[in-house]
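So the structure is just underneath, and the comments pick up after that.
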Number of protein chains: 2
Amino acid sequence: MTTAQADLRADTRARLEQVALELFTAEGFERVTADEIAEAAGISRRTFFRYFPTKADAVWGDFAGHVARLEARLAATAPSQPVLASICAAYLEVNDYPPEQLPALRQRMRLILGEPALLAHSQLRYADVDHAVAAHVARRTGVAPAALVPRLVATSTRAAATTAFEVWLAGGEPLADGLRRAFDELAAGFPALLSAPTGH
Amino acid sequence: MTTAQADLRADTRARLEQVALELFTAEGFERVTADEIAEAAGISRRTFFRYFPTKADAVWGDFAGHVARLEARLAATAPSQPVLASICAAYLEVNDYPPEQLPALRQRMRLILGEPALLAHSQLRYADVDHAVAAHVARRTGVAPAALVPRLVATSTRAAATTAFEVWLAGGEPLADGLRRAFDELAAGFPALLSAPTGH
DNA sequence: GTTGCCTGTGGCACCGGGTGTCACTAGCGT
DNA sequence: ACGCTAGTGACACCCGGTGCCACAGGCAAC
């Protein structure tokens, strides 16, 4: 096991993920029933729900491992590095996918950001990320993790990451560039918003 | 009607909201069935779902009107005002509740932020807010609404508002103060994060 | 006032996500 | 051969949500 999450047979899990992703992409998340996924993967509906607590969870791959890596990176940052920069670096590193994995990532993210039900569900998954980042900020600044600044930094940096993903999905620019740009904007307090209106 | 959202009898709707809020608070969102709400309100389950498309929607009151007021405020800001300040002002104005409404607001927000199912659902509702704010930023800066900066400003200002609500709920400080503080932090690029660590 | 319509309503059957329970099988050590 | 365990399937059940139909009341028009 990589990171405890209803192990069972790892190959079955992978096949299930694959099949679900394919079906969701082809038909739309809501229009695919758990029965169809199960049948297409050659197992029973009941077994599907032993691998994934929710239909939506089939889209997330090893997200728990993702969060764990992020936490590890945050914990390992040099104290000399500014906090915001350390978070940016952690996000960049954790999201530095090899090129051959990009199509799969695109497929996942297109679903997560494009299907309302999955977008809603994402909030639950991202809560772990926010928690980790807020804890990091609290640790580094000596403030309570529940205070305004740690929470705000956590949610707005995640907003930055999500936005970078959206722009990347839309074909705008490489993921890493968008991430960097988003963090730069955040760290600078949106300098572009001080200029005069440019005419409609 | 104030803002088209499945009108029917307004009094029935208000009673339904009231009953649902009370039950959710007392028993927890998931543990209250639509049947129970309907019965407690003296109507049928079927009718409940004519007033609210979803059990979760019973918590949101006239949120569509809320968004509409936000949009109106944004549209009415003076061009001389910096964009970020205009968004802050709009959020402040729209969330300036008279004191006697604060307990009800607390009840709603405690549910929305505390119940996972409602937190997930909130993402769908907030999408409208983000859309409005991004459009405002795009209008003011002459950039496409789907570009990085408008999106990022929209999501991170909403993060600021949400965080202020969380702190307010935790009893920290008045809502308006938290909002202002969160927006100040955002606009300044989190100045607190440049100081040296204060020791663990 | 009877005829029509239009609105709000309840009842019912149905779909789909999710869960608890039980029974079966395959493997594996002893 | 024995027992144990892990993975599985079948079934029944709960609940959120929807489509459909049937019914009641108000309110206009004739």
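Each chain gets a letter, A, B and so on, in the order the sequences are listed, and its residues count up from 1.
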remark   = Those residues at least two apart in sequence (or on a different chain) that pass ring-ring contact (aromatic ring centres under 6.0 Å, His included) with A/F29 are A/F24
request  = Under the ring-ring contact (aromatic ring centres under 6.0 Å, His included) rule, collect the residues that match up with A/F48, sequence neighbours excluded.
outcome  = A/F52
Output all residues satisfying side chain to side chain contact (heavy atoms under 4.5 Å, CB included) with [X], sequence neighbours left out; order by chain, then residue number.
| X | value |
| --- | --- |
| A/D128 | A/V67 |
| B/E100 | B/P98 |
| B/L124 | A/P116, A/A120, B/H121 |

request  = Give the first and the last nucleotide of DNA chain C, reading 5' to 3', that has any atom under 4.0 Å from a heavy atom of chain A.
outcome  = C/dG16 to C/dT21
inquiry  = Between A/I112 and A/F165, does the side chain to side chain contact (heavy atoms under 4.5 Å, CB included) criterion hold? Intermediate values first, please.
reply    = CA-CA 11 Å; A/I112 291 173; A/F165 268 104; over 6 Å; no
ask   = Using a cut-off of less than 4.0 Å, is there contact between a side-chain N or O of A/S44 and OP1 or OP2 of D/dG7?
value = no
Can you list, pair by pair, the side-chain donor-acceptor contacts under 3.5 Å of residues 167-180 of chain A, counting residues two or more places apart and other chains?
| from | atom 1 | to | atom 2 | distance (Å) |
| --- | --- | --- | --- | --- |
| A/E173 | OE1 | A/R181 | NE | 3.4 |
| A/E173 | OE2 | A/R181 | NE | 3.3 |
| A/E173 | OE2 | A/R181 | NH2 | 2.6 |

query = Quick one: what's the B/S/- string for nucleotides 11-20 of chain D, heavy-atom cutoff under 4.0 Å, read 5' to 3'?
reply = B---SBBBBB
Return all side-chain donor-acceptor pairs below 3.5 angstrom for residues 86-94 of chain B, not counting sequence neighbours, or 'none' if the list is empty.
| from | atom 1 | to | atom 2 | distance (Å) |
| --- | --- | --- | --- | --- |
| B/S86 | OG | B/V83 | O | 2.5 |
| B/S86 | OG | B/H136 | NE2 | 2.9 |
| B/E93 | OE2 | B/R73 | NE | 2.6 |

